[in-house]
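In this text the structure is predicted, and so the values were computed from the model without any measurement. Just follow the structure's listing: the first ligand is 1, and inside any ligand the first atom is 1.
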Amino acid sequence: MHQFPNNFIWGTATSSYQIEGAATKDGKGPSIWDAFSSIPGKVHKGETGALACDHYHRYKEDIQLMKAMGVKAYRFSIAWPRVLPTGKGAINKRGLQFYSDLIDELLKADIVPWVTLYHWDLPLALQMEDDGWLGDSIADYFATYADLCFEHFGDRVKHWITLNEPWVVAILGHGQGVFAPGRNSNSEPYLAAHNLLLAHAKAVQIYRKKYGHQNGQIGITNNCDWREPLTKRSEDQEAAERALQFFLAWFADPIYKGDYPAVMKKRLGSRLPQFSTAEKELILGTSDFFGLNHYTTMYAAHGDGRSKKQSVYGNGGISEDQDVHLSQDKSWDLTSMNWAVVPWGCKKMLKWIDARYDRPPIYITENGCAYPDQVVDGKVDDQKRVDFYRGYLTACLDAISEGVQLKGYFAWSFMDNFEWASGYDKRFGLHYVDFETLERLPKESARWIGQVMRRNRLNEQG
Ligand code: GAL
């Protein structure tokens, strides 16, 4: 019988815009998600993160819930516009104080903070004045913001993640336009990604040069779903490999190998920006660990031009550039995101990373599932979620037993929250949150009514 190592990190994850609320409180500036979600038609039922889980006011209760669950590590993100309302220049002391208090409270509860610096809520002023991730100065602005966070929290935070899922920022934010800032383009994703990588690298260089004495670790979190060749035909095998390179190697190759994958250079030509020699050196080796968010698997087949007609979102990238046709197996169970539950894909994903990047330490910084949970007699019957976690964790254990250096696992998410364009309709939480009640009550007295301790169920079932 294999077991997870004793020092394996068990955690849960959230992000600022999805849980904090208090969107305009105590000097916080607006973010691109405040703006995007207020545009009619962009988010399910016009919902926004203005109140969300009200974590800004309830973080102490939330930490008690985490403690009761036995969580040892907590991954959260800092809202850039809460500490720097316009992204640069004036500092908002009350914003810094909030995160400082949150970190102290976590440490008091023996929960180790893992802090993401950017989980998509860019200060709106940077978008309007500097073109956000497309602008020339964004990497420097990000590095300055990161420096501020290291300076104020680095005495207590020893695990940093620069960016969450730059693929999503690039493709969903600048390609498909379904996420903020809502841009729709065939070239902007590659420019945004380029600047995201430079921003990541600059922040890491500052951390290593100025804050080495803090003895922390820093890395980046990328997302990737597994791509399984639809058939044994070599063109489908190549299509699956190409899809993985356009998805994950796009961001991981520059960091682990010093440049973009050859297949992307070849297919994209001048739409893929080039790194100078100095930039390649700046980026190479800038991750102490491999952060992976993994949710699902799809079959990949050679596109034959069919992919031109598929949506970018459904295709996992700029479809016409990859020319990969994606599909699901009819026998696979789907979550309410329509993402297939395929634990063996997780194991294959881990092994692919292990082989391509020479056995890096890996942390799964997100994995989880949404189901249409309902409270009946004060309980949620979430057998499907239990099965999901059991399946994926077994896949993780298998990978470890075959030599993959998987060091930790963070469940997405600690509690139901604002699921981006899906609003509050999709429930990923280990805790149920009764948003309707939360919304109706006056803010000062709002309580969660529907907290259901799923952990009991999980514990009962091992
Ligand atoms: C990730 C993202 C999270 C969460 C999750 C579930 O892409 O980092 O914020 O929304 O997906 O959709």
Side-chain angles (χ1 to χ4, degrees), residues 11-21 31-33 36-37 42-44 47-49 52-53 55 74-80 114-122 161-176 178-180 189 193 196 200 219-226 247-248 250-251 290-298 312-314 316-317 334-341 346 349 363-373 385 388-389 392 409-431 433 435:
T12 183
T14 63
S15 86
S16 44
Y17 190 67
Q18 294 179 275
I19 65 163
E20 283 178 3
S31 79
I32 56 172
W33 265 98
F36 184 78
S37 62
K42 299 292 183 193
V43 175
H44 178 74
E47 288 163 338
T48 75
C53 306
H55 174 75
Y74 173 51
R75 172 176 177 239
F76 65 92
S77 77
I78 293 176
W80 185 346
W114 284 60
V115 178
T116 307
L117 290 167
Y118 186 72
H119 201 127
W120 310 347
D121 41 359
L122 188 78
I161 294 168
T162 53
L163 306 175
N164 178 70
E165 302 188 352
W167 181 93
V168 169
V169 177
I171 297 290
L172 303 191
H174 294 82
Q176 174 86 349
V178 293
F179 280 13
L196 282 154
H200 154 80
I220 187 170
T221 276
N222 284 301
N223 57 310
C224 197
D225 300 332
W226 178 246
F247 206 151
L248 184 56
W250 179 11
F251 298 96
F290 200 109
L292 173 73
N293 292 353
H294 175 79
Y295 284 95
T296 190
T297 284
M298 290 185 97
V312 174
Y313 187 82
L334 301 180
T335 67
S336 48
M337 300 297 280
N338 282 327
W339 296 347
V341 181
C346 179
M349 188 77 250
Y363 291 90
I364 291 188
T365 43
E366 285 180 30
N367 174 240
C369 52
Y371 285 111
D373 297 333
R385 187 172 281 100
F388 179 96
Y389 280 111
Y392 276 80
Y409 176 98
F410 291 77
W412 184 271
S413 176
F414 165 55
M415 56 186 163
D416 293 333
N417 57 48
F418 176 79
E419 178 48 34
W420 308 114
S422 307
Y424 297 100
D425 191 44
K426 304 286 188 252
R427 295 180 172 274
F428 276 91
L430 297 174
H431 286 278
V433 177
F435 290 109

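Taking the six-membered ring for Trp and the full ring otherwise, the centers of Tyr363 and Phe410 sit at least 6.0 Å from each other.
Note: His119 and Trp420 have parallel aromatic rings, judged against thresholds of 30 and 60 degrees for the angle between ring planes. Classified by interplanar angle (parallel below 30°, tilted 30° to 60°, perpendicular above 60°), the ring pair Trp120/Phe179 is tilted. Aromatic ring orientation, Phe428 versus Trp339: tilted (interplanar angle from 30° to 60°).
Counting only N and O atoms by type, the side chains of Ser77 and Tyr17 include no donor and acceptor under 3.5 Å apart.
Ordered by chain and residue number, the residues placing a heavy atom less than 4.0 Å from ligand 1 are Gln18, His119, Trp120, Asn164, Glu165, Asn293, Tyr295, Trp339, Glu366, Trp412, Glu419, Trp420, Phe428.
For Trp250, there are no side chain to side chain donor-acceptor pair (under 3.5 Å) partners, not counting sequence neighbours.
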